[in-house]
Structure formats: C-alpha cells, structure tokens
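So you know, we letter chains A, B, ... as the sequences are listed, proteins then strands, and number each from 1.
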Amino acid sequence: MNTIPHKPQTSREHRPQIPPPTNPTRKIKAHVIQTDGLTNCQYVAGADVAYNEIQQRMVGAIVVLNAETLEVVEESTHEMDITFPYVPGLFSFREVPPLIEAYKKLSTKPDLIVCDGHGVAHPKGAGMASHLGVELGVPTIGCAKSRLVGGYEEVGHERSASSPLLIGDQEIGRVLRTQDGIKPMFVSVGHLVSLETACSWVLKLCPNYRQPETTRKADALVRTIMKERTEIGYPEE
DNA sequence: GCGACAG
DNA sequence: ATCTTGTCGC
Ligand SMILES: [Mg+2]
C-alpha cells in the first residue's frame, strides 16, 4: 500500500490527498556506485529547493559553476506543487522531483552535483543525493548541515579536520570541518564518487563559508524566487 | 514505550 | 524548510 505520510494537520487544511509521485527507481541502494566515475570535472553544480507551505508550492534549482573559478555558468529552476511532506528519511520524495526537472532544462550538464542533504549516510543507504545521482546517472555528493544517522567522535577545530561518520564499523560518511571553529558539514557518497573525492570537493567548494559555494548559490536563487512569488504572487494569477 | 529525526 | 526581533562585530 503506497500512501503519503500524514502531515501534522493543524486544523483548516481539508485539501484532498494527492497521489504519491511515481518513482520507477526503487532499490536505490543497489544502484549506488561508491567509486569515482569522473575524470575531468569541468562543471560542478549545486542543488536546492525552497518552499511555500501555504500555497503548496516549491521551487528547485540547479546552479552550474566553473569548477576552476567557481563562477556561475548556468542556472535552471523548476516550480511545482508540493506533493509530499517532510519526513526524516523520506526527504527524497519531497525534494528530488523539482531538481530532476530543473536538471532536464540545463544546456550545460554538470560533471558533479553537490546536494543539500545526505547520500548513503541514510537509514537505508539511500539519501536524496543518491536518489538524484542514480536517477540522473550523474556523480553526486551528499553534503548535509546536520546528522541523520551514524555516530562520530569530536572533530578537530581546524578547517579540513574530519571524523568518520560510523554505523558500527562501517564508514558511511565523514564529518568535515570546512571553516575554522565552525560547525562541520556531513559529507557522504551520493553516486559515482568515492568518499575521499567527495570530501576533497567539498573543501575546495568551501573557501570562505561553511557551506559549499554550489549550495549557497542554489539556495540564494530559490530563496529569491520563492520570496518574489510570496510578495508579488505567481504570474497569471 | 521513549528518544532521534537531512530540509 | 520558514518565521522573526534583536544583538554583536566589522
Ligand atoms: Mg536546502
């Protein structure tokens, strides 16, 4: 039985339930490749989504950067109705759809996508970064701001210091300090990238801030668009 | 049964 | 994620 998890209903939202998004790609974990599948990485992209729960709308974006200079090469966005609530562990079903659509609109396809959420550091080894990577067949990295699963020892306070994120004796990811004395990021394999390569890229993408430039650019873009929709409204409405 | 819980 | 006032520091 495939049903959408109930969102804590406040009181006045008697909107009929929308059918769950069809996802042909089940068993994501079985398809994830944790070794490097990229040689020359010319373009690195960031992906993020912003929401307006009131209007049941969301906007996702993929922002492609020149991997060398970190300058923006191309931006792509996609707006759609929210069809799945936020449930820890089921984040993919909420955030991946708009990202897939935004990706399709890109002229310059990225060689690597850095996601704002976990990859294999997930209860079932299939976080949103892995879902996106497998569905697109593109290398992805999971770079989350907080822990979902796994345990770890305290991380050194200097930039680049890290501590393995473990489930038993298995390293599912790495807690990586991207800026001196600032809360570390949680890096994990998404798809077609090794954990070592993933951490290397995240550090390279965090020259001045805690979060990767890729994520920051995508976040700023969707935030601005969502704000416009909230203040000015949707076109033709 | 009680906590934990990506964005 | 989004909301939201104030505060601290450059
Ligand atoms: Mg985000």
What string of B, S and - do you get for nucleotides 2-7 of chain B 5' to 3' if you count protein non-hydrogen atoms under 4.0 Å?
--SBBB

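Counting only heavy atoms from C-beta outward, the side chains of A:Arg177 and A:Glu158 never approach each other to under 4.5 Å. Side chains of A:Phe91 and A:His122 form no contact here, defined as non-hydrogen atoms less than 4.5 Å apart. Residues A:Arg229 and A:Arg57 are not in side-chain contact: their nearest non-hydrogen atoms beyond the backbone lie 4.5 Å or more apart. Counting only heavy atoms from C-beta outward, the side chains of A:Ile225 and A:Glu79 approach each other to under 4.5 Å.
Between A:Asp219 atom CG and C:dT2 atom C1' the separation is 12 Å, expressed in whole Å. One interatomic measurement links the two molecules: CD1 of A:Ile82 to C1' of C:dA1, which rounds to 9 Å at whole-angstrom precision. C:dA1 atom P lies 19 Å from atom CZ of A:Phe84, rounded to whole Å. Distance A:Ile225 CD1 to C:dT2 P: 13 Å, rounded to the nearest Å.
A salt bridge links A:Lys217 and A:Glu213; the closest N-O separation between the charged side-chain nitrogens and carboxylate oxygens is under 4.0 Å.
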Whenever both distances are under 3.5 Å in a Watson-Crick or G-U wobble pair, mark it; put DNA chain B into dot-bracket that way, with [ ] for crossing pairs and | when the partner is on another strand.
.......

Before you tell me yes or no, could you show the steps for A:Phe186 and A:Tyr152 under ring pair (Phe, Tyr, Trp, His ring centres under 6.0 Å), namely the whole-Å CA-CA distance, both residues' side-chain angles and the distance that decides it to 0.1 Å?
CA-CA 11 Å; A:Phe186 296 73; A:Tyr152 60 96; 5.6 Å; yes

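For residues 142-153 of chain A, the set of pairs meeting the salt bridge (Lys or Arg N to Asp or Glu O under 4.0 Å) definition, not counting sequence neighbours, comprises A:Asp116-A:Lys145.
The heavy-atom pair separating A:His191 from A:Val138 by the smallest distance is CD2-O, 3.9 Å.
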